[in-house]
Amino acid sequence: MNRMKQFYINLTDRMNTEDYEYVKSILKDNEYELFNKLLKSEQKHSVRVAREIQDSIDYIVVDDFDIVRNRDLLIKASLLHDIGKIKAKVNIIDKSVIVILNKITKGRLRLLNHKKIDCYYNHSKYSYELLKEIESNKVLLDIVENHHSESNNKLIIFFQSIDDNN
């Protein structure tokens, strides 16, 4: 059910002027340049994640000092976490087909040498590679690189729960 909700939201939710102003207020110029290379649906996904992180920390009681202390870093990470997807412009239909085919092939789809499949499954690594050239914050880079990995890091776990919801 969550995948259906994500599909519908990604298909219908659009970036607007307020979203771009929000992103510009957080990212440096070179980061904003990368952000603008994402497909619009990926941009909007990232903004939804950023706003939910912000709202979760600002308006809902988050009783973890590390999460609260790293609020701005988590918001910035949310805007940049999927930047590796610029490598192979994987749209919402591509993603859906990849997920379905991977299910049918019982995970063997990942073995194919195909640019979009590779990018879909390895975008975290690609995001890290792109960002390490312009970003020095190791915590942010760790969140970006591991946002789809098993982790005991509470910042990553918090980030994943919100990313997965969007």
Side-chain angles (χ1 to χ4, degrees), residues 2-3 5-6 9-10 13-92 94-95 98-99 116 118-166:
N2 195 34
R3 287 278 187 195
K5 175 185 150 198
Q6 285 177 333
I9 289 171
N10 279 304
D13 204 6
R14 300 279 183 251
M15 287 291 288
N16 58 47
T17 304
E18 183 183 316
D19 292 329
Y20 285 112
E21 288 172 4
Y22 176 74
V23 173
K24 279 184 185 178
S25 75
I26 296 164
L27 299 181
K28 295 182 278 186
D29 289 343
N30 54 354
E31 296 164 339
Y32 186 73
E33 229 175 87
L34 281 175
F35 179 85
N36 272 327
K37 291 180 182 178
L38 283 169
L39 293 173
K40 300 296 183 210
S41 61
E42 293 298 339
Q43 290 177 359
K44 189 63 179 189
H45 161 74
S46 296
V47 169
R48 281 194 309 272
V49 174
R51 289 185 190 275
E52 187 171 333
I53 285 172
Q54 183 175 335
D55 290 349
S56 294
I57 293 170
D58 292 354
Y59 302 115
I60 301 170
V61 178
V62 175
D63 60 359
D64 188 291
F65 176 75
D66 284 335
I67 290 172
V68 173
R69 181 171 55 96
N70 285 289
R71 172 195 178 271
D72 293 344
L73 184 133
L74 285 158
I75 292 168
K76 186 174 186 175
S78 66
L79 294 173
L80 298 170
H81 75 286
D82 284 341
I83 216 73
K85 290 181 179 178
I86 68 175
K87 184 175 179 170
K89 306 278 185 188
V90 180
N91 65 41
I92 186 67
D94 295 331
K95 282 194 263 186
I98 290 168
V99 168
K116 287 189 178 192
D118 176 63
C119 188
Y120 178 78
Y121 287 111
N122 296 301
H123 72 273
S124 300
K125 178 178 78 171
Y126 301 138
S127 297
Y128 170 81
E129 292 298 324
L130 283 167
L131 292 172
K132 77 177 183 179
E133 302 298 322
I134 62 171
E135 178 60 56
S136 61
N137 188 302
K138 302 290 185 210
V139 176
L140 183 141
L141 291 171
D142 189 43
I143 292 167
V144 167
E145 183 177 28
N146 295 295
H147 74 273
H148 286 297
S149 303
E150 297 242 352
S151 178
N152 293 324
N153 179 318
K154 59 185 159 187
L155 293 177
I156 293 172
I157 293 167
F158 173 74
F159 185 90
Q160 288 170 336
S161 68
I162 292 178
D163 185 34
D164 291 347
N165 196 40
N166 285 282

Could you go through residues 148-160 and list every donor-acceptor pair under 3.5 Å that involves a side-chain atom there, pairing it with any protein atom two or more places apart or in another chain?
residue: His148; atom: NE2; partner: His123; partner atom: NE2; Å: 3.3
residue: Ser151; atom: OG; partner: Asn153; partner atom: N; Å: 2.9
residue: Asn153; atom: OD1; partner: Leu155; partner atom: N; Å: 2.8
residue: Asn153; atom: OD1; partner: Ile156; partner atom: N; Å: 3.2
residue: Lys154; atom: NZ; partner: Asp64; partner atom: OD2; Å: 3.4
residue: Lys154; atom: NZ; partner: Asp66; partner atom: OD2; Å: 3.2
residue: Gln160; atom: NE2; partner: Asn146; partner atom: O; Å: 3.4
residue: Gln160; atom: NE2; partner: His147; partner atom: O; Å: 3.4
residue: Gln160; atom: NE2; partner: Ser149; partner atom: O; Å: 2.6

Using atom types as modelled, flag every donor-acceptor pair under 3.5 Å from a side chain in residues 20-30 to any protein atom, sequence neighbours excluded.
residue: Tyr20; atom: OH; partner: Lys40; partner atom: NZ; Å: 3.1
residue: Tyr20; atom: OH; partner: Gln43; partner atom: OE1; Å: 2.7
residue: Tyr22; atom: OH; partner: Gln54; partner atom: OE1; Å: 2.7
residue: Ser25; atom: OG; partner: Tyr22; partner atom: O; Å: 2.6

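Residue pairs meeting the ring pair (Phe, Tyr, Trp, His ring centres under 6.0 Å) criterion with at least one partner in residues 24-56, sequence neighbours excluded, are His45-His81. Among pairs with a residue in residues 50-69, none fulfils ring pair (Phe, Tyr, Trp, His ring centres under 6.0 Å), at least two apart in sequence or across chains.
Exactly one residue among Lys116, Lys37, Lys95 makes a side chain to side chain contact (heavy atoms under 4.5 Å, CB included) with Lys85. That residue is Lys95. In summary, of the residues considered (Asn165, Ile75, Ile57), a side chain to side chain contact (heavy atoms under 4.5 Å, CB included) with Glu52 occurs for Asn165 alone.
Annotation: the span from Leu140 atom CG to Leu73 atom CG amounts to 4.5 Å, rounded to 0.5 Å. Interatomic distance, CD1 of Ile53 versus CG of Asp72, reported as 11.0 Å (0.5 Å rounding). Remark: Leu39 CG to Ile92 CD1 distance equals 10.5 Å, nearest 0.5 Å. In this structure, CG on Leu141 lies 6.5 Å from NZ on Lys138, to the nearest 0.5 angstrom. Remark: Glu145 CD to Tyr126 OH distance equals 12.5 Å, nearest 0.5 Å. Interatomic distance, CZ of Arg48 versus CE of Met15, reported as 10.5 Å (0.5 Å rounding).
In terms of heavy atoms, Asn137 sits closest to Val139 at OD1-N, 2.9 Å. Nearest heavy-atom pair across Ala50 and Leu79 is CB-CD2, 3.8 Å. In terms of heavy atoms, Cys119 sits closest to Gly84 at SG-O, 3.5 Å.
Looking at heavy atoms from C-beta onward, Ile86 lies out of side-chain contact with Glu42 at the 4.5 angstrom threshold. Asn16 is listed as a side-chain neighbour of Lys44, based on a closest heavy-atom distance under 4.5 Å.
Considering only residues two or more places apart in sequence or on other chains, Asn36 meets the side chain to side chain donor-acceptor pair (under 3.5 Å) condition with none of them. Residues that satisfy the salt bridge (Lys or Arg N to Asp or Glu O under 4.0 Å) test with Asp142, not counting sequence neighbours, are absent from this structure.
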Check step by step if side chain to side chain contact (heavy atoms under 4.5 Å, CB included) holds for Glu129 and Ile83.
CA-CA 10 Å; Glu129 292 298 324; Ile83 216 73; over 6 Å; no
Begin with the C-alpha distance, continue with both residues' side-chain angles, and end with the deciding distance and a verdict on side chain to side chain contact (heavy atoms under 4.5 Å, CB included) for Leu74 and Ile162.
CA-CA 11 Å; Leu74 285 158; Ile162 292 178; over 6 Å; no
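Ion pairing between a basic and an acidic side chain is recognised when a charged N comes within 4.0 Å of a carboxylate O; Asp94 and Lys89 show no such pairing.
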